[in-house]
Amino acid sequence: MPNSRSEEPRRIKVQRQGPLLVEGPVEVELEDGTTVSCDRFRVALCTCRRSRRYPWCDTSHRDRDRTKAR
């Protein structure tokens, strides 16, 4: 992303026990150095690593035992 002042910063919404919601489009650099991109207007990034579509959230976090998460 360019560091130009003319562009507005991306908004990221942090949700407790949920994904990071990022205003898109986005590019994500993975641990192995590969880059994946999505051109949607809002992207959900997985934070629990349970997603079969990682780094994109597929709502797998909903299946975990909520009593252990507290």
Side-chain angles (χ1 to χ4, degrees):
M1 278 186 259
N3 290 328
S4 153
R5 290 272 184 201
S6 63
E7 289 190 32
E8 293 187 28
R10 296 277 183 213
R11 180 173 299 270
I12 299 173
K13 182 176 180 183
V14 179
Q15 300 185 98
R16 185 175 168 179
Q17 299 180 6
L20 292 175
L21 297 178
V22 182
E23 290 182 3
V26 299
E27 286 186 351
V28 178
E29 184 176 332
L30 302 175
E31 290 175 288
D32 65 2
T34 59
T35 301
V36 293
S37 61
C38 183
D39 60 358
R40 296 184 67 169
F41 70 95
R42 184 171 299 130
V43 179
L45 294 175
C46 176
T47 58
C48 70
R49 292 191 170 248
R50 289 179 173 89
S51 175
R52 291 185 193 104
R53 300 180 57 225
Y54 186 83
W56 317 122
C57 178
D58 67 2
T59 69
S60 294
H61 60 274
R62 294 179 184 168
D63 295 334
R64 72 177 172 204
D65 183 359
R66 293 192 186 273
T67 59
K68 291 181 183 177
R70 293 181 185 184

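Computed from a predicted structure; not experimentally measured. The analysis underlying the following values was restricted to heavy atoms, covering all of them including side chains, and did not include hydrogens, waters or symmetry mates.
Between the side chain of T47 and the backbone N or O of G18, at least one donor-acceptor pair lies under 3.5 Å.
Of all heavy-atom pairs spanning S51 and W56, the tightest one is OG-O, 2.6 Å. Closest heavy-atom contact between D39 and P25: CA-CB, 3.5 Å. The minimum heavy-atom distance linking E23 with R10 is given by the pair O-CD, 3.3 Å. Nearest heavy-atom pair, R53 versus D58, reported as atom, atom and distance to 0.1 Å: N-OD2, 4.0 Å.
Side-chain contact between R50 and C57 is absent, with no heavy atoms from C-beta onward closer than 4.5 Å. Residues V14 and L20 are in side-chain contact: their nearest non-hydrogen atoms beyond the backbone lie under 4.5 Å apart. Looking only at side-chain heavy atoms (C-beta outward), P19 and L21 come within less than 4.5 Å of each other.
One hydrophobic cluster, built from ILVMFWY side chains closer than 4.5 Å, holds both V28 and V22. A continuous path of hydrophobic side-chain contacts links L30 to V26 [ILVMFWY only; heavy atoms under 4.5 Å].
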